[in-house]
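I'd like to ask some things about the structure below.
Since this is a predicted model, take the numbers as computed values, not measurements. Letters A, B, ... mirror the listed sequences (proteins, then strands); counts begin at 1.
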There are 2 protein chains.
Amino acid sequence: MRDRIPEATVARLPVYLRCLVDMSERGTHRVSSDQLADAAGVNSAKVRKDLSYLGSYGTRGVGYDVEYLIYQVRRELGLEQDWAVAIVGVGNLGHALANYRGFAERGFRIAALLDADGGKVGEELGELTVDHIDDLDRVVKEEQVAIGIIATPAPAAQEVCDRLVAAGVTSILNFAPAHLQVPAGVSLRKVDLSTELQILSFHEQRRAAVDLVRQVAARNREADAGPRPPAGD
Amino acid sequence: MRDRIPEATVARLPVYLRCLVDMSERGTHRVSSDQLADAAGVNSAKVRKDLSYLGSYGTRGVGYDVEYLIYQVRRELGLEQDWAVAIVGVGNLGHALANYRGFAERGFRIAALLDADGGKVGEELGELTVDHIDDLDRVVKEEQVAIGIIATPAPAAQEVCDRLVAAGVTSILNFAPAHLQVPAGVSLRKVDLSTELQILSFHEQRRAAVDLVRQVAARNREADAGPRPPAGD
DNA sequence: TCCTGTGAATTCGTTCACAGCC
DNA sequence: GGCTGTGAACGAATTCACAGGA
């Protein structure tokens with residue numbers, strides 16, 4: 001097999017793919033690393049290095065063929081096939097995820113919704129009916145579910161995760177704010193909404209602190225130099 | 001000011017914080033870097049290095065005081081104050097985010113919901129009423145909104161982003177699958193649901209490929225060695 | 001003895017800069 | 001002349017390993 005693709009590159013391929021699909025839909029058939037870099041919000045050296053891990057699909061002096069590159073990126077990401085996804089936890093977030101159009105558009109078929117709450121079992125949501133979590137094994141087998149999404153409260157997440165793994169699911173996307181353990185051979189990714197806001201808070205606060213220092217400095221200058229100091233940078 | 005904290009460390013502080021709060025609620029008052037590392041799913045050297053950026057708050061031979069560490073991490077992340085958040089786009093995802101309890105619990109007050117769709121304006125959601133996006137300036141000023149969440153479709157995202165920035169919002173969390181431009185001095189973070197699934201797809205596919213190679217290899221061994229070869233690893 | 005705090009070593013990721021091909 | 005593909009240089013993040021304080 002070809003040399004392993006760095007994880008950082010894998011994480012950017014979906015972004016490139018989206019840009020390429022946009023371009024293709026707008027009728028663009030050729031793209032340079034510079035243009036793709038602009039669209040994706042990275043620099044062109046990164047684009048070239050990332051794409052070079054897939055193979056030499058560009059033409060020197062010309063650029064990349066958009067359709068062909070889409071094909072190659074999709075192949076590399078395993079998007080030639082559709083994947084069946086099960087969502088566990090049909091609260092607010094589970095609902096939103098179940099209704100999210102973007103999944104189906106990109107080849108991720110929501111094949112099952114499950115919940116531990118008997119009150120939710122049987123609820124209709126689009127074409128799907130909510131199943132009880134105890135049916136997980138059966139559903140995973142019947143629908144060939146490869147990816148599980150955990151959208152439960154944090155305390156339930158690890159048990160749900162274990163049951164998904166036991167049922168044969170080998171990729172898990174966790175929205176519960178908890179750190180989950182999975183055995184080797186299972187991929188786990190996490191989306192943590194509060195964490196994102198807390199990271200923003202950190203930067204927001206630092207800006208506020210810097211502003212404060214500036215203001216004080218400005219006031220000192222004012223006091224030293226008398227009224228109307230020139231506006232600094 | 002103290003030496004800059006690496007971005008990778010900032011991204012982990014919220015995780016540590018959650019673990020510490022959990023521990024505190026369970027009555028644990030002291031923690032070693034090993035225990036915290038276990039809880040957070042990282043290794044202990046990382047924990048120690050990360051925490052050392054905040055200062056020397058541990059005790060050699062003993063560990064860290066949970067409450068004190070919580071205080072320090074919260075302070076560093078700017079969580080001593082509450083932040084007002086505006087959500088733009090009240091579709092499925094916007095709804096789910098507006099109802100998400102985790103935000104309020106961690107000091108992020110949803111102060112406003114906005115949408116461009118006149119049909120949604122006036123809709124009640126908990127204590128809030130959906131405002132029209134044209135009221136953004138007023139709302140940001142009245143509520144002192146510091147953080148904006150974009151939960152619109154991709155085509156609307158950049159314009160919404162520009163309007164948030166123009167209104168004085170300096171931190172933005174983007175859920176729309178689009179790359180946004182912001183001026184320097186504005187923090188932007190992105191959560192891309194499809195991207196996450198596509199990354200899982202990559203690994204899922206690779207596993208399938210490896211399995212296939214193994215199966216073929218096993219079948220070849222079988223053919224060479226006759227029936228019942230010993231199960232390899 | 002136990003566990004933190006941190007330089008040093010290492011690994012991983014990004015960017016530079018240019019040879020090579022169109 | 002233009003743009004890719006890629007070694008080499010650089011920088012960031014992780015991990016090692018141990019000195020030093022409780």
Note, B/N43 side chain near B/V47 side chain (heavy atom, < 4.5 Å):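 With C-beta onward as the side chain, the pair stays apart.
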Could you verify whether a donor N or O on one side chain and an acceptor N or O on the other, from B/R207 and A/S187, lie under 3.5 Å apart?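 Per modelled atom types, B/R207 and A/S187 side chains form a pair under 3.5 Å.
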Per the salt bridge (Lys or Arg N to Asp or Glu O under 4.0 Å) rule, what does the pair list look like for residues 36-58 of chain B, sequence neighbours excluded?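 Salt bridge (Lys or Arg N to Asp or Glu O under 4.0 Å) check on residues 36-58 of chain B returns B/R12-B/D50.
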Can you list the residues that meet the salt bridge (Lys or Arg N to Asp or Glu O under 4.0 Å) rule with A/R74, with sequence neighbours excluded?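 Residues passing salt bridge (Lys or Arg N to Asp or Glu O under 4.0 Å) with A/R74: none at all.
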Within the 4.0 Å heavy-atom criterion, would you say A/R12 contacts the bases, only the backbone, or no part of the nucleic acid?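 Sugar-phosphate, no base atom in range.
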Is A/K49 near enough to C/dG13 that one of its side-chain N or O atoms lies under 4.0 angstrom from OP1 or OP2?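 No, outside the criterion.
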Can you list, by residue number, the residues of residues 62-73 of chain B that have a non-hydrogen atom closer than 4.0 angstrom to DNA chain C?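 Close to the strand are B/V62, B/G63, B/Y64.
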N/O donor-acceptor pairs under 3.5 Å from side chains in residues 78-86 of chain A, not counting sequence neighbours:
residue : atom : partner : partner atom : Å
A/W83   : NE1  : A/G78   : O            : 2.9
A/W83   : NE1  : B/S201  : OG           : 2.9

Could you list the protein-to-nucleotides 18-20 of chain C atom pairs, N/O on both sides, closer than 3.5 Å?
residue : atom : partner : partner atom : Å
C/dG20  : N3   : A/R60   : NH1          : 3.2

I'd like to check the ring-ring contact (aromatic ring centres under 6.0 Å, His included) partners of A/F202; sequence neighbours left out, ordered by chain and number.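 A/F202 satisfies ring-ring contact (aromatic ring centres under 6.0 Å, His included) with no residue once adjacent residues are dropped.
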Anything under 30° is parallel, anything over 60° is perpendicular, the rest tilted; go ahead and classify A/Y100 against A/F103.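 Ring orientation of A/Y100 relative to A/F103: perpendicular.
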Distance alone, cut at 3.5 Å: any donor-acceptor contact between the side chains of A/Y71 and A/E67?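 Their side chains do not contain a donor-acceptor pair, so the 3.5 Å distance test is not met.
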Expressed as a whole number of angstroms, how long is the span from B/E7:CD to C/dG13:P?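 In whole Å, C/dG13 P and B/E7 CD are 17 Å from each other.
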Return the angle between end axes of the helix from C/dT1-D/dA22 to C/dC22-D/dG1, with five pairs used per end and rounding to 10°.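 End-to-end axis angle: 0°.
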Exactly one of A/V160, A/I149, A/V165 should register a side-chain contact (heavy atoms from CB on, under 4.5 Å) with A/I172. Which one does?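 The single option meeting the side-chain contact (heavy atoms from CB on, under 4.5 Å) with A/I172 is A/V165.
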Please name all residues satisfying side chain to side chain donor-acceptor pair (under 3.5 Å) with A/E196, sequence neighbours left out, ordered by chain then number.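 In terms of side chain to side chain donor-acceptor pair (under 3.5 Å), with neighbours along the sequence ignored, A/E196 is linked to B/R189.
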If a pair satisfies salt bridge (Lys or Arg N to Asp or Glu O under 4.0 Å) and one of its residues is in residues 160-182 of chain B, list it, with sequence neighbours excluded.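 The answer is B/D134-B/R163, B/E159-B/R163.
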Within residues 32-39 of chain A: residues closer than 4.0 Å to DNA chain D (heavy atoms):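 Heavy-atom cutoff 4.0 Å gives A/S32, A/S33.
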Under the ring pair (Phe, Tyr, Trp, His ring centres under 6.0 Å) test against B/Y57, which residue among B/Y68, B/Y64, B/Y16 passes?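 By the ring pair (Phe, Tyr, Trp, His ring centres under 6.0 Å) criterion, B/Y57 pairs with just one of B/Y68, B/Y64, B/Y16: B/Y68.
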Within this structure, what is the CG-OG1 distance for the pair A/L188 and A/T170, rounded to the nearest 0.5 Å?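 Spacing of CG (A/L188) from OG1 (A/T170) equals 12.0 Å.
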CZ (A/R109) with more than 12 external heavy atoms under 6.0 Å: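 Yes, enclosed.
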Please list all pairs meeting salt bridge (Lys or Arg N to Asp or Glu O under 4.0 Å) that have one or both residues in residues 169-178 of chain A, counting only residues at least two apart or in different chains.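 Pairs touching residues 169-178 of chain A that pass the test: none.
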Quick check for you: name the first and last nucleotides of DNA chain D, 5' to 3', having an atom under 4.0 Å from a heavy atom of chain B.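 Taking any atom under 4.0 Å from a heavy atom of chain B, the span is D/dA13 to D/dA22.
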